[in-house]
Protein chains: 2
Amino acid sequence: MIEVLKQHITNRLGNDLDNLDMVLSSFKHIKTKRNQHLLQQSDVCKYVYFVAKGCLQVYVYDKDFNETTRDIIIEDNWCSELLSFGSGKPALENIRTVEPCELFAIDRPTFQKLMETVPQFDKVYKQILEASYANSVYRINTFVSLTALDRIKWLMEYRPMLMTRLSSKLIASYLGINKDVFSRLKAKL
Amino acid sequence: MIEVLKQHITNRLGNDLDNLDMVLSSFKHIKTKRNQHLLQQSDVCKYVYFVAKGCLQVYVYDKDFNETTRDIIIEDNWCSELLSFGSGKPALENIRTVEPCELFAIDRPTFQKLMETVPQFDKVYKQILEASYANSVYRINTFVSLTALDRIKWLMEYRPMLMTRLSSKLIASYLGINKDVFSRLKAKL
DNA sequence: CTAAAACATAGACTTTTGTCATCATTCACG
DNA sequence: CGTGAATGATGACAAAAGTCTATGTTTTAG
C-alpha cells in the first residue's frame, strides 16, 4: 500500500530522489474502520494524512448542529486541517473516515525535519497548500451562486464517482442543500 | 502613502530590517480611478497588489454573465490572483477597483529577487497564501449553509464597514444572493 | 451644472428550497 | 445470516428566494 504514496511522491519530485526510502519511512501507516475521528475541532491537528485507500470527510457544524462538509478527500490525495497543522492553533474543522481507510500520516516535527534534509520536499508543503487553496477558491466561485440543481449537475460532471460512492446525506451536506431536496432533484435528471 | 505599506511590513517582519528601503522601492506606486480593471480572466496575473487606499473586487462571471464576487479587499491588505501569479497560468478571476485607489504593485521577477535577497521576505508569500486560504475556508464553511438573512447578519457583524461603503448590488453579489432579496431583507432588520 | 445612467426600494407573482411525516429499502455489525 | 438502525424516496405543505415591473433617488461623467 506504501506503493501508492511512493508513486505519488515520485510523480511530483521526480525519481532521482536517492533518499526516497527515508522519506517513505517518515510516514506512519494507519488502518481505520469507517466513521472514525481523525480530528475534532478545538484539538490541534497533529498530522498531515495521505489517503492511500478510502475516503475522508472534512466538516464543521452549523448553529443547528447540522454538518456542513467542506471537502471530501479520496485516494491519492492529501488531507489535513492545514491552518491548525501549520500554526499549532486549535482546529476549526473535524475530519472523519467515511469508509475503512489506509492512511499514511506524518507529524509536524518529522515533516519539518524532512523539509530541512530533503530540499525537494520543501516544495511539498507549498504544493499541498496551493492545491488546497485552488480547491477552495474554485468551490466558492462555483457554489456560492449555483442553484441546488446546478450543484448536483456539477458534481455529476466533475466528481461523478462521489455520486455512487457516498450516501445521499453526505453528498447533500457537501453540496450545501437539504437531503430531501437532493433526493427529489436527483430523481428528475 | 508608502507609510501604510512600510507599517504593514514592519508589523510582520519586525523593524530590524536594514534593507527595508530596498524592499519598499521594489513596489510600484499606482493611482487608479474607480471601476478600473487590474486583471481580466484568461490574462496572466503579473502583480501582487498592496491596497494602501481604496477597495478592490475579485470576481467571476457565472453562466448567465452575472458577477459573483469571491472577495472584497480593503486598505492594508494584499490582493492578487495568487494561483495565476504563482504559476504563470491564465487567471480564472477578474479584479477591478471599486473606488479610486492607491496601490503598491510588485511583479513576479522582483518578488522573487526579494525572496532571495531578504530572507525574512520569504515568509511573506507563505503568509499571504495562508491568509488567503484561511479566508476561503472560512467563507465556504460559513456561507454554503447559511440563509440569505444569516449571510447579511454575518456581514453586519464581521465586516460592518462594507455595508455602508459598498453598493447593494456589490454586497449582494458578495453574499451570493439576489439584489432585490438583499434590499428586502435589509429593510426588515 | 445637467442629462443620462446607475442604483435602491417596493409590490405582485413564480419558482425553488426547506420541513415534516410516512413507508420501503438497504446495509452494518454482531 | 438475520435484525435493528440508518438510509432513501415521496407527497403535502410552508417558507424562502428569485423575477419582473414600476417609480423615485442618487451618481457620475462630460
Side-chain angles (χ1 to χ4, degrees), chain A residues 31-37 54-55 57 59 61-69 72 96-101 142-156 162-189, chain B residues 31-37 54-55 57 59 61-69 72 96-101 142-156 162-189:
Chain A
K31 295 188 186 197
T32 76
K33 290 186 280 190
R34 65 179 229 110
N35 254 329
Q36 197 146 323
H37 276 278
C55 182
Q57 174 196 15
Y59 65 101
Y61 294 99
D62 68 17
K63 65 179 196 312
D64 302 320
F65 301 104
N66 295 115
E67 291 176 12
T68 305
T69 301
I72 306 273
R96 81 152 68 95
T97 61
V98 174
E99 305 169 353
C101 287
T142 47
F143 275 56
V144 169
S145 67
L146 289 188
T147 65
L149 187 60
D150 286 335
R151 292 177 192 200
I152 296 172
K153 284 181 183 164
W154 176 88
L155 192 69
M156 290 177 66
L162 296 191
M163 287 289 284
T164 51
R165 188 166 171 178
L166 308 177
S167 73
S168 297
K169 189 183 163 192
L170 181 52
I171 294 175
S173 95
Y174 178 58
L175 297 182
I177 60 184
N178 182 281
K179 69 184 168 56
D180 296 330
V181 173
F182 175 69
S183 182
R184 226 168 19 204
L185 292 175
K186 193 176 50 166
K188 287 184 186 163
L189 282 173
Chain B
K31 296 189 185 197
T32 75
K33 290 185 280 189
R34 67 178 227 110
N35 254 329
Q36 198 146 324
H37 276 279
C55 182
Q57 173 195 16
Y59 65 100
Y61 294 99
D62 68 16
K63 64 181 198 310
D64 302 321
F65 301 104
N66 296 114
E67 289 176 12
T68 303
T69 301
I72 306 275
R96 81 152 68 95
T97 61
V98 174
E99 305 169 353
C101 287
T142 48
F143 276 55
V144 169
S145 67
L146 290 186
T147 64
L149 188 60
D150 287 335
R151 292 177 193 201
I152 296 172
K153 285 180 181 165
W154 176 89
L155 192 69
M156 290 176 68
L162 296 191
M163 287 290 284
T164 52
R165 188 166 170 178
L166 308 177
S167 74
S168 296
K169 188 182 163 193
L170 181 50
I171 295 176
S173 94
Y174 178 57
L175 297 181
I177 61 186
N178 183 282
K179 72 185 167 57
D180 297 331
V181 173
F182 175 70
S183 183
R184 231 175 6 212
L185 292 175
K186 192 176 51 166
K188 287 185 187 163
L189 281 175

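We name chains A, B, ... by the order of the sequence lines, and we start the count at 1 in each one.
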Practice task
Please work out whether the ring planes of B:W154 and B:F143 are parallel, tilted or perpendicular, with thresholds of 30° and 60°.
Solution key: perpendicular

What is the distance, to the nearest angstrom, from the [atom1] atom on [X] to the [atom2] atom on [N]?
{"X": "B:K33", "N": "D:dG30", "atom1": "NZ", "atom2": "C1'", "value": "12 Å"}
{"X": "A:L166", "N": "D:dA6", "atom1": "CG", "atom2": "P", "value": "19 Å"}
{"X": "B:I152", "N": "C:dA8", "atom1": "CD1", "atom2": "C1'", "value": "14 Å"}
{"X": "A:K153", "N": "C:dT16", "atom1": "NZ", "atom2": "C1'", "value": "14 Å"}

For [X], all residues meeting side chain to side chain contact (heavy atoms under 4.5 Å, CB included), sequence neighbours excluded:
{"X": "B:R34", "answer": "B:P100"}
{"X": "A:N66", "answer": "A:D62, A:D64"}
{"X": "B:S173", "answer": "B:Q57, B:T69, B:L170"}

Problem - Test salt bridge (charged side-chain N to carboxylate O under 4.0 Å, His left out) applied to B:R96 - qualifying residues, sequence neighbours left out - result: B:E67

Exercise for the section: State which residues pass salt bridge (charged side-chain N to carboxylate O under 4.0 Å, His left out) with A:K33; sequence neighbours excluded, sorted by chain then number. Expected result: none

Fill in the blank from the handout: Contact string for nucleotides 20-30 of chain C, one letter per nucleotide 5' to 3', B = base within protein heavy-atom range under 4.0 Å, S = sugar-phosphate only, - = neither, reads B-------S--

Fill in the blank from the handout: Residues passing the side-chain hydrogen bond (donor to acceptor under 3.5 Å, both in side chains) test with B:D150, sequence neighbours excluded, are A:K63, B:T147

Practice task
Please name all residues satisfying side-chain hydrogen bond (donor to acceptor under 3.5 Å, both in side chains) with B:Q36, sequence neighbours left out, ordered by chain then number.
Solution key: none

List every contact pair, protein side and nucleotides 16-18 of chain D side both N or O, where the distance is under 3.5 Å.
residue	atom	partner	partner atom	Å
D:dA17	OP1	B:A148	N	2.7
D:dG18	OP2	B:N178	N	3.2
D:dG18	N7	B:R184	NH2	3.0
D:dG18	O6	B:R184	NH1	3.0
D:dG18	O6	B:R184	NH2	3.4

Residues 176-189 of chain B side chain polar contacts: donor-acceptor under 3.5 Å, at least two apart:
residue	atom	partner	partner atom	Å
B:N178	OD1	B:D180	N	2.8

Practice task
Compare every heavy atom of A:G54 with every heavy atom of A:C101, then report the nearest pair and how far apart it is.
Solution key: SG-CA, 3.8 Å

Fill in the blank from the handout: dist A:S168:OG -> A:M163:CE (nearest 0.5 Å) comes out at 8.0 Å

Exercise for the section: Kindly say if B:S183 contacts the phosphate of C:dA8, meaning a side-chain N or O under 4.0 Å from OP1 or OP2. Expected result: no

Practice task
Indicate, with a heavy-atom threshold strictly under 4.0 Å, whether A:K186 touches base, sugar-phosphate, or nothing.
Solution key: sugar-phosphate

Problem - Rounded to 10 degrees, the angle between the two terminal axes of the helix from C:dC1-D:dG30 to C:dG30-D:dC1, each from five pairs - result: 80°

